Amino acid sequence: MQIIHTVKELREWRKTAGRVAFVPTMGNLHEGHLALVREAKKRAENVVVSIFVNRLQFGQGEDFDKYPRTLSDDAAKLEGEGVAVVFAPDERELYPNVAQRYNVEPPNLQNELCGKFRPGHFRGVATVVTKLFNIVKPDAACFGKKDYQQLAVIKGFVEDLDFDIEIVPVDTGRASDGLALSSRNQYLSEAERAEAPRLYRELCAVAEAVKSGDVDYAGLEAAAAGRLKDAGWTVDYVEIRHADTLEVAHAGDKRLVVLAAARLGSTRLIDNLEIVLA
Ligand code: PAF
């Protein structure tokens, strides 16, 4: 496995690499990331994993500075998975113009759900992923469904801007108590970690109610948010949306997703659950 730090070297390697599957990450890898790598391995002999903590997608007061940087541990894990290349550029390499002058601007969706609480976040994601796609030139790229809105934004610009890349959605990895795997789980205190699976349980409760025919989506959202608040969470949103467009869901829609974001102490957790009706 090679660890490459510059765009020039990565491009040299790419010239003779054949088919490539790509997993973009911000590092601090856990089982959820390794599941993405295993999916990527099924799609191409050569897997490239990028590790880059992207300042553009962090807002004021968010955890950019404290985001764990663990390159040597990450590299050891990736070597064990048979990854061909780890691409780990520094900030000057990826953003040589200190003020990034051109950005990829997602449509209105970027101001809804998580975007409402993290202004500019999805512009930062779309911009860095576009840059990484242009550098790595993958045939396929794997993204976790845990970041459901991020996946929708990426699928959207890949389609609208004609990137010739297969986007592969990968199911959310979960701990045995249901908590979605996330680098941010390590910020939780012991008591918060014990409480955290409630978020998934609430999503399951909403999904069960919808499956059994309840179409009062606003009522279900408010009830789930209320129960989380009663248990000490600060709730950003619980929303039922159309699974493909992320538009507001209506009775009669068959493919739905319930998405939630809420804080336990200072840690913001997100999760979601797809609901397919017969
Ligand atoms: O999901 C992530 O880890 C990041 O948002 C991504 C896709 C690597 C872009 O920085």
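Each ligand, and each atom within it, is numbered from 1 in the order the structure gives. Predicted, not measured: the structure shown is a model, and the values here were computed from it. All heavy atoms count here, side chains included; hydrogens, waters and symmetry mates do not.
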**OP:** Specify whether F143 and F133 have parallel, tilted or perpendicular ring planes, treating 30° as the upper limit for parallel and 60° as the lower limit for perpendicular.
**Re:** perpendicular

Original post:
Is there a donor-acceptor pair closer than 3.5 Å between any side-chain N or O of H5 and the backbone N or O of P89?
Top reply: no

What donor-acceptor contacts under 3.5 angstrom involve side-chain atoms of residues 248-262, with partners at least two apart or in another chain?
from	atom 1	to	atom 2	distance (Å)
D253	OD2	H250	N	2.8
K254	NZ	A278	O	3.4
R255	NE	D244	OD1	3.3
R255	NE	D244	OD2	3.1
R255	NH2	D244	OD1	2.8

**OP:** Measure the CZ-CG distance between F52 and L71 for me, rounded to the nearest 0.5 Å.
**Re:** 13.0 Å

Could you pull out all donor-acceptor pairs under 3.5 Å where a side-chain atom in residues 55-65 meets a protein atom, sequence neighbours excluded?
from	atom 1	to	atom 2	distance (Å)
R55	NE	E91	OE1	3.4
R55	NE	E91	OE2	2.9
R55	NH2	E91	OE1	2.9
Q57	OE1	N54	ND2	2.8
E62	OE1	G59	N	2.8
E62	OE1	R118	NE	3.4
E62	OE1	R118	NH2	2.7
E62	OE2	R118	NE	2.9
D63	OD1	R184	NH2	3.1
D63	OD2	R184	NE	2.9
D63	OD2	Y187	OH	3.0

Original post:
Transitive ILVMFWY cluster of L181 at side-chain heavy atoms under 4.5 Å: who else is in it?
Top reply: none

Could you list each N/O atom of ligand 1 together with any protein N/O atom closer than 3.5 Å, one pair per line with the distance?
from	atom 1	to	atom 2	distance (Å)
ligand 1	1 (O)	Q150	NE2	2.9
ligand 1	5 (O)	Q57	NE2	2.9
ligand 1	5 (O)	Q150	OE1	2.7
ligand 1	10 (O)	Q57	OE1	2.6

